[in-house]
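Letters A, B, ... mirror the listed sequences (proteins, then strands); counts begin at 1. Quantities reported herein were computed from a predicted structural model and do not represent experimental measurements.
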Protein chains: 2
Amino acid sequence: MDKLSITACVIIIGNEILSGRTQDENLSFIGKRCDESGIHLTEARVIPDDETVIVATVNEVRNNHTYVFTTGGIGPTHDDISTAAIAKCFKVKIERNPAAVAALEKYYEAGKLNEARLKMANIPAGAILIDNPVSGAPGFQIENVFVLPGVPMIMQVMFDGLVDRLAGGLPILTDSIVTNLTEGTLAEGLSALQDKYPAVSIGSYPYFKQGKLGVNLVIRSTNKDALVNSGEDIAALVTSLQGRILG
Amino acid sequence: MDKLSITACVIIIGNEILSGRTQDENLSFIGKRCDESGIHLTEARVIPDDETVIVATVNEVRNNHTYVFTTGGIGPTHDDISTAAIAKCFKVKIERNPAAVAALEKYYEAGKLNEARLKMANIPAGAILIDNPVSGAPGFQIENVFVLPGVPMIMQVMFDGLVDRLAGGLPILTDSIVTNLTEGTLAEGLSALQDKYPAVSIGSYPYFKQGKLGVNLVIRSTNKDALVNSGEDIAALVTSLQGRILG
């Protein structure tokens with residue numbers, strides 16, 4: 001695959017992901033959106049709710065990527081420390097953001113917007129808000145870092161609202177062929193096809209489903225012709241090896 | 001929570017995870033097993049099938065953690081490059097491992113063990129095999145790095161087989177309280193309880209399920225008394241705020 005210059009890193013912030021108590025769903029969502037937008041998501045980190053670690057990680061990756069997306073840790077409780085950590089990264093103060101207060105006032109009934117909830121209107125100075133149509137409390141963008149909540153349903157809506165801000169490259173096109181053949185049978189032929197099509201990334205992912213073995217062959221490229229031609233060659237390879245194409 | 005000295009990092013290797021095409025399930029499994037074994041999983045990385053990146057990442061984290069677990073990229077196809085990359089990390093050669101060949105011979109029917117499949121018996125010199133009772137091809141351990149496959153069903157069985165090799169600390173005990181209260185209502189009281197119980201990590205995770213808002217409060221500690229006492233105080237807090245305890 002072409003080396004593309006527009007890259008992203010996802011930072012998933014949350015002890016609950018590392019303890020296995022919560023299954024992350026945000027990485028796969030952002031990964032798909034990046035593909036569609038021509039942004040190469042080349043890295044993800046999962047880190048604990050620890051200010052020192054958040055600051056070090058964000059500062060490391062924001063210099064190496066076009067975009068950084070963080071999820072988690074921007075709610076009202078004591079363990080929500082992402083906003084403060086991101087402000088430290090950029091050496092800016094946190095200030096109560098009037099537009100964020102207005103968004104919270106719109107969401108909460110009169111009398112319910114207590115001090116803990118108002119903490120969600122504390123935003124690093126100079127940041128641009130990311131609208132939250134689900135539950136009021138905004139995320140924010142500061143330079144190339146986009147700070148989003150961890151709850152997947154809310155994060156997804158907010159991500160879709162900010163995607164227009166992202167400059168992408170050519171969208172990455174994908175196709176896949178599912179077969180009952182196993183990897184060991186396909187390996188030699190696939191390797192030859194990978195050499196034949198350098199503009200295509202051919203991935204081979206074995207599966208065990210309902211007691212049956214097989215492989216999901218995934219091809220990805222920004223070049224449509226190369227994608228189509230390599231797909232046809234892979235299908236021919238499967239057939240020549242007496243395999244069936246299942247999807 | 002106590003700073004514990006036994007830590008681990010998970011490295012998930014695979015373009016398919018970063019593209020969002022495959023939902024990772026290995027991190028949450030390993031996270032739970034680490035908790036049970038008293039190992040602090042403090043970091044995870046998701047990286048592409050790229051030798052330079054694998055070598056750099058493994059070399060960085062293996063010096064900072066007691067254990068490193070990698071998943072993915074040890075099958076027979078051209079995109080399975082983890083074994084070669086790990087050998088480079090340790091500056092050792094890859095050699096055909098007789099015990100690994102024997103394991104493959106046991107698994108495959110006569111005549112089916114072709115050269116591509118035999119690639120899975122190429123193991124870095126000096127590594128200790130990790131048994132694969134599901135599909136033959138072993139993983140391996142070299143120093144503190146444990147190299148496992150990506151298919152969750154196989155990885156899980158193999159991980160459970162190696163857990164006896166891991167020296168852990170005190171198991172991390174957990175409990176949780178699910179309530180219909182929201183985070184903004186609980187935040188002030190929770191923060192006070194976190195200050196009262198420094199040996200306990202209190203996490204607050206909002207959820208939206210079937211149109212209902214609530215919070216899952218998770219407490220974690222290696223100290224059983226502190227866990228029980230903080231759990232009772234949290235339950236009392238929920239009740240004092242007119243909340244219901246749902247689980």
Side-chain angles (χ1 to χ4, degrees), chain A residues 10 15-25 27-35 41-49 53 75-80 108 112 114-117 119 150-151 153-154 172 174 176 183-188 190-191 194 201-208 218 220, chain B residues 10 15-25 27-35 41-49 53 75-80 108 112 114-117 119 150-151 153-154 172 174 176 183-188 190-191 194 201-208 218 220:
Chain A
V10 167
N15 295 341
E16 75 280 17
I17 307 292
L18 288 166
S19 72
R21 193 170 268 277
T22 299
Q23 167 69 56
D24 170 66
E25 300 170 21
L27 174 59
S28 63
F29 178 88
I30 296 175
K32 282 181 206 141
R33 286 295 188 271
C34 283
D35 255 25
L41 179 61
T42 58
E43 187 182 5
R45 309 268 186 119
V46 187
I47 61 173
D49 303 302
V53 176
T77 55
H78 65 280
D79 57 342
D80 289 308
Y108 289 100
K112 296 278 186 186
N114 62 17
E115 188 53 36
R117 291 186 172 120
K119 183 186 144 199
V151 178
M153 196 190 83
I154 304 176
I172 297 154
T174 73
S176 68
E183 283 200 308
T185 305
L186 287 158
E188 192 185 338
L190 279 184
S191 183
Q194 179 64 83
S201 160
I202 304 175
S204 166
Y205 307 111
Y207 66 80
F208 289 70
V218 177
R220 305 170 73 232
Chain B
V10 168
N15 295 341
E16 76 279 19
I17 307 292
L18 288 166
S19 72
R21 192 169 268 276
T22 299
Q23 167 69 55
D24 170 66
E25 299 170 20
L27 174 59
S28 63
F29 178 88
I30 297 176
K32 283 181 205 142
R33 286 294 188 272
C34 284
D35 254 26
L41 179 62
T42 58
E43 186 181 5
R45 309 268 185 118
V46 188
I47 60 174
D49 303 302
V53 176
T77 55
H78 65 279
D79 57 341
D80 289 308
Y108 288 100
K112 295 278 187 187
N114 61 17
E115 188 52 37
R117 290 185 173 120
K119 183 186 145 199
V151 177
M153 198 190 83
I154 304 176
I172 299 155
T174 73
S176 67
E183 284 200 305
T185 304
L186 287 158
E188 191 185 338
L190 280 183
S191 183
Q194 179 65 80
S201 160
I202 304 176
S204 167
Y205 306 112
Y207 66 81
F208 289 71
V218 177
R220 304 171 75 231

Given the rule in the side-chain contact (heavy atoms from CB on, under 4.5 Å) test, do I17(A) and L27(B) qualify, once you have shown the distances and angles that lead to the verdict? CA-CA 8 Å; I17(A) 307 292; L27(B) 174 59; 4.0 Å; yes
Please find the pair of heavy atoms, one from D79(B) and one from S204(A), that lie closest to each other, and give the distance. OD2-N, 2.8 Å
Sequence neighbours excluded, which residues qualify as salt bridge (Lys or Arg N to Asp or Glu O under 4.0 Å) partners of R21(B)? none
Heavy-atom pairs under 4.5 Å with chain A - which of T77(B), V53(B), D49(B), I47(B) has more of them than the others? T77(B)
All side chain to side chain donor-acceptor pair (under 3.5 Å) counterparts of T185(B), not counting sequence neighbours: R117(A)
Quick one: CD on Q23(A) to CD on E25(B), what's the gap to the nearest 0.5 Å? 6.5 Å
Taking all non-hydrogen atoms of both residues, which atom of N114(A) and which atom of G184(B) are closest, and how far apart? ND2-O, 2.9 Å
Find the one option among A44(B), A116(B), S28(B), C34(B) whose heavy-atom pairs under 4.5 Å with chain A are most numerous. A44(B)
side-chain contact (heavy atoms from CB on, under 4.5 Å) partner of L18(B), chosen from I30(A), D35(A), L41(A), V10(A): L41(A)
I'd like to know whether R220(A) forms a side-chain contact (heavy atoms from CB on, under 4.5 Å) with S19(B), so could you lay out the CA-CA distance, the side-chain angles of the two residues, the decisive distance to 0.1 Å, and finally the verdict. CA-CA 10 Å; R220(A) 305 170 73 232; S19(B) 72; 3.5 Å; yes
With a 4.5 Å cut-off on side-chain heavy atoms, are H78(B) and I202(A) touching? yes
So which part of L186(B) gets closer than 4.5 Å to some heavy atom of chain A, the side chain, the backbone, both or neither? neither
Can you give me the closest heavy-atom contact between P76(B) and A187(A), atom names plus distance? O-CB, 3.4 Å
Residue, of K119(B), E183(B), E115(B), that accumulates the most heavy atom pairs under 4.5 Å with chain A: E183(B)
Taking the side chain as every heavy atom from C-beta outward, state whether N15(B) and Y205(A) have any pair of such atoms under 4.5 Å apart. yes
Quick one: of M153(B), E16(B), K32(B), E188(B), who has the most non-hydrogen atom pairs under 4.5 Å with chain A? E16(B)
Evaluate the criterion side-chain contact (heavy atoms from CB on, under 4.5 Å) for residue pair V46(A) and E43(B); output intermediate values, then yes/no. CA-CA 6 Å; V46(A) 187; E43(B) 186 181 5; over 6 Å; no
